[in-house]
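The structure under discussion appears below in the form of structure tokens.
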Amino acid sequence: MRTPGLDGYVEPWRKPEHDDLAELARTFFTKEVLPHAARLEQQGHPDREHYRRAGELGLLGLSVPEEYGGGGGDFTHEATLLHEQTLAGEGSLGIAVHSGIVTGYLNDYGSEEQKRRWLPGLVSGELVGAIGMTEPDGGSDVQAIRTRAVRDGDDYVVTGSKTFITNGILADLLVLAVKTDTSARAHGISLLVCELTGDPAGFRRGRRIEKIGLHANDTAELFFDDFRVPAANLLGTEGSGFIQMMQQLPQERLVIGVGAVAAMQRAVELAVAYAKERVAFGKPLLGHQNTRMVLAEVATRTRVSRAFLDDCIQRHTRGELDVATAAMAKLYLTEGQCEVVDRCLQIFGGYGYTTEYPIAKMYADARVQKIYGGTNEIMKELISRVL
Ligand SMILES: Cc1cc2nc3c(=O)[nH]c(=O)nc-3n(C[C@H](O)[C@H](O)[C@H](O)COP(=O)(O)OP(=O)(O)OC[C@H]3O[C@@H](n4cnc5c(N)ncnc54)[C@H](O)[C@@H]3O)c2cc1C
């Protein structure tokens with residue numbers, strides 16, 4: 001790896017195919033998407049065309065079985081792609097949700113017919129995927145969701161709303177958490193796959209939520225008012241939604257961890273390069289002991305984080321990543337990202353606070369990592385349960 005402090009480090013799961021994938025991904029993000037970064041930030045959502053192009057290059061659904069058009073790989077391939085995206089500084093495409101989360105739900109709980117209907121479109125980028133759990137009244141207490149789905153003939157009639165939904169402006173396919181039994185908490189939750197292309201009757205996209213970071217990625221409110229979803233779009237059985245989410249959340253947390261470590265690596269690279277060239281008091285910043293100490297500390301934190309992340313990735317590919325360890329990864333790696341990026345920004349002085357320098361954007365983008373995918377306070381609750 002080229003990151004200072006990680007020279008010569010090779011992920012224990014890495015094979016030559018990951019190098020080829022990384023190169024393809026790097027080229028796509030840097031040559032085809034990044035040149036549009038300023039415009040994408042302005043419009044507040046990615047270009048649909050970039051999803052299609054990613055699909056064309058075989059970069060979507062890397063872990064989806066080949067029979068549904070996917071790459072036939074595993075989580076190491078998804079991790080490689082997401083790592084390159086963050087390392088390149090590309091933040092518009094919601095691939096972490098699209099491929100890292102949504103395809104997992106369909107693959108693991110979809111019937112054969114459902115998989116054949118939806119997975120090829122997600123893999124080609126014709127369909128953009130999203131997941132809707134959080135509601136305006138609360139996100140941490142998932143069991144308390146209020147969006148209702150009432151069975152009516154061959155349909156469910158859905159009423160309610162979701163908020164903070166990543167990819168919400170562009171989403172064609174939404175895995176939606178609903179209450180099919182309002183008298184129950186966890187056991188009343190089911191997952192419905194909603195087809196949203198063309199904004200069907202009873203469905204409305206709300207405003208694009210303005211955020212302090214991740215400006216090029218769309219986050220939206222979604223409203224359902226007697227919105228009809230075919231009963232055939234139920235994932236698995238009624239009442240199994242909470243268990244399905246609990247089973248998928250460790251991967252979601254690992255996806256966040258992959259982004260966190262990639263951001264740490266990028267911050268260290270940028271800070272070391274700047275410290276070598278910026279002169280203060282007649283010598284480069286790196287010539288001042290405090291700068292060297294700070295960089296030594298963040299490089300160490302990054303390397304230790306990398307090793308823990310890779311251990312989690314290996315456990316996950318073996319099907320052995322437990323809830324508490326995934327929560328530890330999300331907690332430790334995102335806290336590390338925020339600390340490392342903040343300390344690296346300090347090395348840039350005033351320039352670190354200007355949007356001309358990528359480190360400033362990384363600082364704003366980092367903050368949400370401690371919030372979504374389950375807040376870090378909830379991670380501590382999950383960890384404490386196994387102590
Ligand atoms: C940019 C962005 C993208 C997102 N993408 C998605 C998405 O694609 N899909 C989706 O469904 N959601 C998404 N979310 C929502 C996110 O998962 C929630 O914001 C998060 O789970 C917290 O829920 P909340 O905002 O309702 O906070 P609350 O649940 O109201 O929590 C507020 C505070 O109280 C703390 N707290 C709550 N309960 C406890 C407790 N028991 N013990 C201690 N502290 C507690 C929390 O840690 C937090 O600090 C996204 C959010 C953002 C900002």
Side-chain angles (χ1 to χ4, degrees), residues 41 44-46 82 86 91-105 122 128-147 160-179 185-186 189-194 196 205-224 235 241-242 244-246 248-253 255-256 259-260 263 326-327 330-331 334-335 337-338 361-362 364-385:
E41 293 214 351
H45 61 81
L82 296 171
T86 299
S92 73
L93 290 161
I95 299 177
V97 169
H98 176 96
S99 292
I101 299 173
V102 175
T103 61
Y105 278 91
L122 290 169
V128 174
I131 175 126
M133 299 185 210
T134 307
E135 303 191 348
D137 287 339
S140 298
D141 187 3
V142 180
Q143 298 185 25
I145 60 166
R146 293 203 200 154
T147 297
S161 63
K162 296 286 171 181
T163 192
F164 299 129
I165 306 307
T166 299
N167 299 346
I169 295 292
L170 292 187
D172 302 288
L173 212 59
L174 173 74
V175 176
L176 181 69
V178 294
K179 272 274 165 81
R185 273 180 57 90
I189 297 177
S190 305
L191 297 180
L192 292 178
V193 180
C194 304
L196 305 177
R205 292 174 215 262
R207 66 196 167 96
R208 179 171 55 74
I209 298 170
E210 299 279 349
K211 312 185 291 291
I212 60 170
L214 298 177
H215 294 302
N217 180 247
D218 48 328
T219 311
E221 293 177 295
L222 305 176
F223 298 98
F224 309 88
L235 269 189
F242 187 74
Q244 292 165 336
M245 289 191 279
M246 293 307 114
Q248 296 296 315
L249 277 165
Q251 171 154 325
E252 179 170 341
R253 290 170 185 152
V255 161
I256 292 170
K330 202 264 175 185
L331 171 67
T334 60
E335 298 282 341
Q337 175 185 359
C338 289
K361 197 159 99 62
M362 292 177 71
D365 290 352
R367 189 59 183 84
V368 74
Q369 291 264 86
K370 298 201 275 192
I371 298 170
Y372 57 23
T375 65
N376 283 8
E377 290 72 31
I378 298 299
M379 294 308 103
K380 291 177 203 171
E381 280 291 338
L382 295 174
I383 296 161
S384 71
R385 283 179 201 164

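Whatever order the structure lists ligands and atoms in, that order sets their numbers, starting from 1. On a predicted model such as this, the values are computed, not experimentally measured, just so you know.
Arg207 places no side-chain N or O within 3.5 Å of a backbone atom of Glu221 that could act as its donor or acceptor partner. Lys179 places a side-chain N or O within 3.5 Å of a backbone atom of Gln143 that can act as its donor or acceptor partner. Without hydrogens or angle criteria, Arg367 side chain to Gly213 main chain gives no donor-acceptor distance under 3.5 Å. Of the possible donor and acceptor atoms, one in the side chain of Lys330 sits under 3.5 Å from a partner among the backbone N and O of Gln369. Judged by distance alone, with hydrogens and angles left aside, the side-chain atoms of Arg253 form no donor-acceptor pair with the main-chain N or O of Ala327 at under 3.5 Å.
Side-chain atoms of Thr147 and Glu135 form a donor-acceptor pair, as typed in the model, at a separation below 3.5 Å.
Of all protein heavy atoms, the one closest to atom 20 (C) of ligand 1 is Ile371 O, 3.6 Å. The nearest protein atom to atom 3 (C) of ligand 1, hydrogens excluded, is given as Thr166 OG1, 3.3 Å; this is a heavy-atom distance. Of all protein heavy atoms, the one lying nearest to atom 15 (C) of ligand 1 is Thr134 OG1, 3.2 Å. For atom 23 (O) of ligand 1, the closest heavy atom belonging to the protein is Gly139 CA, 3.3 Å. If you check which protein heavy atom lies closest to atom 50 (C) of ligand 1, you get Phe164 O, 3.2 Å. Protein heavy atom in closest approach to atom 42 (N) of ligand 1: Glu381 OE2, 4.4 Å. In this structure, the protein non-hydrogen atom closest to atom 43 (C) of ligand 1 is Glu377 CB, 4.0 Å. Protein heavy atom in closest approach to atom 41 (N) of ligand 1: Ile378 CD1, 4.0 Å.
Less than 4.0 angstrom separates atom 30 (O) of ligand 1 from none of the non-hydrogen atoms of the protein. When distances from atom 10 (C) of ligand 1 to the protein are checked, a heavy atom turns up under 4.0 Å. For atom 35 (C) of ligand 1, no protein heavy-atom neighbour is found at a distance under 4.0 Å.
Heavy-atom minimum distance, Leu93 versus Pro46: CD2-CB, 4.0 Å. Here the shortest heavy-atom pairing between Lys162 and Ala177 reads NZ-O, 2.9 Å.
Ligand 1 is approached by Val368 to a heavy-atom distance shorter than 4.0 Å. Ligand 1 has at least one atom lying under 4.0 Å from a heavy atom of Ile165.
Here is the list of ligand 1 atoms found below 4.0 Å of a heavy atom in Lys211: 1 (C). Proximity to Tyr372 (heavy-atom distance under 4.0 Å) selects the following atoms of ligand 1: 2 (C), 3 (C), 4 (C), 16 (C), 17 (O), 50 (C), 51 (C). For ligand 1, the atoms lying closer than 4.0 Å to a non-hydrogen atom of Thr375 are 22 (C), 46 (C), 47 (O). Within ligand 1, counting atoms from 1 as listed, the ones closer than 4.0 Å to a heavy atom of Gly138 are 26 (O). Shown in contact with Gly373 at under 4.0 Å from a heavy atom are these atoms of ligand 1, numbered in order with element: 17 (O).
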| message | Apply side chain to side chain contact (heavy atoms under 4.5 Å, CB included) to residues Gln248 and Leu191 and explain how you reach the verdict. | response | CA-CA 12 Å; Gln248 296 296 315; Leu191 297 180; over 6 Å; no
| Would Ile101 and Gln251 satisfy side chain to side chain contact (heavy atoms under 4.5 Å, CB included), going step by step from the backbone distance to the final call? | CA-CA 7 Å; Ile101 299 173; Gln251 171 154 325; 5.9 Å; no
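Residue Ser140 places at least one N or O, backbone or side chain, under 3.5 Å from an N or O of ligand 1. Between Met133 and ligand 1, an N or O atom pair is found at a separation short of 3.5 Å. Residue Gly374 has no N or O atom closer than 3.5 Å to an N or O atom of ligand 1.
The structure places CG of Asp137 at 12.0 Å from CD1 of Ile145, a figure rounded to the nearest 0.5 Å. To the nearest 0.5 Å, the span separating CD1 on Ile256 from CG on Leu331 amounts to 12.0 Å.
Taking 4.5 Å as the limit, some side-chain heavy atom of Glu335 sits within range of a side-chain heavy atom of Asn376.
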